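This report concerns only the one structure given below.
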Amino acid sequence: MKGPFFLNDVQYAFLIGIQKQEKLCGVSCHIIAAFRSSGIDEEKLRDVWHKLAHRHEVLSSRIMSDGTVFFSDAHDPDRFFTVASGDSESYINSLKNRLMDIEDGGAAELHLIKEAEGCTVVFECDCAAFDITSLQIFIRDMAAMYNGNEAELPVVPEGFFPYGEESHPAVPRAVKKADKSYWTERAGSFGTAPFEGIADTCGTDIPAKYSSHSSVIGADSTAFIHETAERLGVTEENVLLALFSKAAAKVCGREHFTLNIPVLDRSGAPAGLAGTAADYTSIIMFDTDVGPSADTDGFIRKTASEYAEALEHRAFSGIKVQQLCGGDASGNVTFSSHIHIDLGTDQIRQAFGELSYIYTETPNVVMDSEFFRCGDKMLLNLSTPDGVLPEGTEERLISELLALMHS
């Protein structure tokens, strides 16, 4: 065993979310991604699952209840590879709300479900061990291996270690101090969480039960997002964030509010590590004021500028900023963009078929909103605890967002 190592702020917050027996807790940061295929070679899939564990050492991690981390020299991928027969929907439902055994190496599991017609490959992860971008990298890497194209994969630097100084270089004390001062000053003027006063957690089960509310953002709307970003000189993520904010403002009836944004695109990682699996997540608290303006272009530019400023001060974690605010977490909404990795490439479709399902659970939030790129389309998923938001809230938000794109 190698270690001990120690979780970062984001990972430790997820671990506390698992352990606390309070409303919206008792659950992990749990993600399930399913791909539907006409046929899979079981032995080849098992083989590339072993190769993946050899390529990414983070898959051998053991996370203890006190937040220390060890790495096993005897990780056995077969223990976390399951082959089943039957209905994929029922099988996936059986995985929901479960706590994966992260102390015993079960932070990532692979499931092959054989059905009457075709099969489904399910990737399941607990993101206390690594970020969702790592899951996307696992899928991309396994697809290349399965298709015999392993040589095309980016090189993982020799000696790379998920908790080493190379992947997480120390931040100078002066930078942390300056960023703390920035957020301390800003926090006093933050808006409330979008659904604060609307979300009702009183009757929530412990642990909460989650449902996914999904929609496909079609090729035309996806092209509109890309064209708008190019025209305004911003990123596609900036456009999505601005449109999501406008849609949320209309649904919650509040123009000024704060969103939790996990930064997952590896923009803060050292050069050359984009293909490595670890946890590079930064959390920022993003305060936005949609206002009455009908000028969407102007609001997108404003959002891009404010987001860039927030990123410059990410050395003081958004987890700590939440503590500065001292507010009620019952209305927190997370905006997560995962579009920097395409889950609908020809390579992935050839190996595993089409992405058919995404499901997430995240402690201490009432809505986890996520965007995934799938070829020329995007998948939007809103994951919420059952019974917390007024009925139909998620569908209204999706409808408002798609209407903004169409308009």
Side-chain angles (χ1 to χ4, degrees), residues 7-17 20 22-25 29 131 170-199 201 237-238 240-242 244-249 251-265 267-268 279-293 299-337 362-369 388:
L7 298 177
N8 62 35
D9 282 351
V10 176
Q11 292 172 297
Y12 194 67
F14 290 153
L15 187 64
I16 295 300
K20 288 174 69 175
E22 298 179 6
K23 302 298 183 184
L24 304 183
C25 291
C29 185
D131 54 30
V171 177
R173 177 179 171 83
V175 174
K176 287 185 177 180
K177 186 176 179 180
D179 284 2
K180 179 182 179 181
S181 296
Y182 171 85
W183 289 112
T184 301
E185 181 179 349
R186 287 291 317 278
S189 62
F190 275 178
T192 61
F195 295 108
E196 191 168 298
I198 300 171
T201 62
E237 289 83 354
N238 293 154
L240 286 173
L241 174 57
F244 179 84
S245 298
K246 286 179 74 72
V251 172
C252 72
R254 179 177 282 130
E255 294 178 343
H256 183 200
F257 52 82
T258 305
L259 297 169
N260 295 1
I261 303 184
V263 183
L264 296 154
D265 62 4
S267 58
D279 193 310
Y280 296 95
T281 310
S282 301
I283 297 282
I284 62 173
M285 297 292 288
F286 185 72
D287 188 54
T288 186
D289 192 345
V290 175
S293 172
F299 182 65
I300 292 172
R301 289 192 181 96
K302 173 176 173 288
T303 297
S305 175
E306 292 173 348
Y307 183 67
E309 180 178 322
L311 283 180
E312 290 176 359
H313 300 281
R314 71 173 103 176
F316 188 72
S317 170
I319 302 294
K320 293 185 173 72
V321 178
Q322 289 182 27
Q323 296 169 343
L324 284 177
C325 296
D328 180 5
S330 67
N332 280 349
V333 171
T334 298
F335 171 89
S336 303
S337 171
T362 305
N364 273 331
V365 300
V366 301
M367 179 179 288
D368 199 5
S369 53
V388 169

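These figures come from a predicted structure and were not determined experimentally.
Residues T258 and F286 fail the side-chain proximity criterion, which asks for heavy atoms closer than 4.5 Å. The shortest side-chain heavy-atom distance between L324 and F190 does not fall under the 4.5 Å cut-off. Counting heavy atoms from C-beta outward, F244 and T288 have side chains that stay 4.5 Å or more apart. Side-chain contact between F335 and L240 is present, with at least one heavy-atom pair separated by less than 4.5 Å. Residues V366 and V333 have side chains in contact (heavy-atom distance under 4.5 Å, counting atoms from C-beta outward). Side chains of V263 and Y280 form no contact here, defined as non-hydrogen atoms less than 4.5 Å apart. Contact annotation: the side chain of L241 approaches that of I261 to within less than 4.5 Å [non-hydrogen atoms, C-beta and beyond]. Side-chain contact between T303 and S245 is absent, with no heavy atoms from C-beta onward closer than 4.5 Å.
Looking at S189, its side chain does come within 3.5 Å of a backbone N or O of R186 through a donor-acceptor pair. Checking side-chain atoms of D287 against main-chain N and O of G191 turns up a donor-acceptor pair under 3.5 Å. In this structure a side-chain-to-backbone donor-acceptor pair under 3.5 Å is missing from W183 to M285. Of the possible donor and acceptor atoms, one in the side chain of Q11 sits under 3.5 Å from a partner among the backbone N and O of N8.
Across E309 and Y182, no two heavy atoms sit closer than the pair OE2-OH, 2.7 Å. Contact between C29 and P363 at its shortest, heavy atoms only, is N-CD, 4.0 Å. When all heavy atoms are compared, the tightest approach of C252 to P194 is CB-O, 3.4 Å. Taking each heavy atom of E237 and S337 in turn, the nearest pair found is CG-OG, 3.0 Å. In plain terms, the two heavy atoms of F299 and A242 that are nearest each other are CE2-O, 3.3 Å.
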### Steps toward side chain to side chain donor-acceptor pair (under 3.5 Å) verdict (H313, D179)
CA-CA 5 Å; H313 300 281; D179 284 2; 3.0 Å; yes

### Task
Could you walk me through whether V175 and F316 pass side-chain contact (heavy atoms from CB on, under 4.5 Å), step by step?
CA-CA 9 Å; V175 174; F316 188 72; over 6 Å; no

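Residue K302 qualifies as enclosed at atom NZ: its count of foreign heavy atoms under 6.0 Å is above 12.
Between N238 atom CG and R301 atom CZ the span is 12.0 Å, to the nearest 0.5 Å. The line from CD of E196 to CG of N332 is 8.5 Å long, rounded to the nearest 0.5 Å. Atom NZ of K246 and atom CD of E255 lie 9.5 Å apart (nearest 0.5 Å).
For residues 310-322, every residue pair satisfying the salt bridge (charged side-chain N to carboxylate O under 4.0 Å, His left out) rule, not counting sequence neighbours, is listed here: D9-K320.
By the side chain to side chain contact (heavy atoms under 4.5 Å, CB included) test, S336 is found to be paired with P262, L264, T334, H338, D368, E370, residues two or more places apart in sequence or in another chain being considered.
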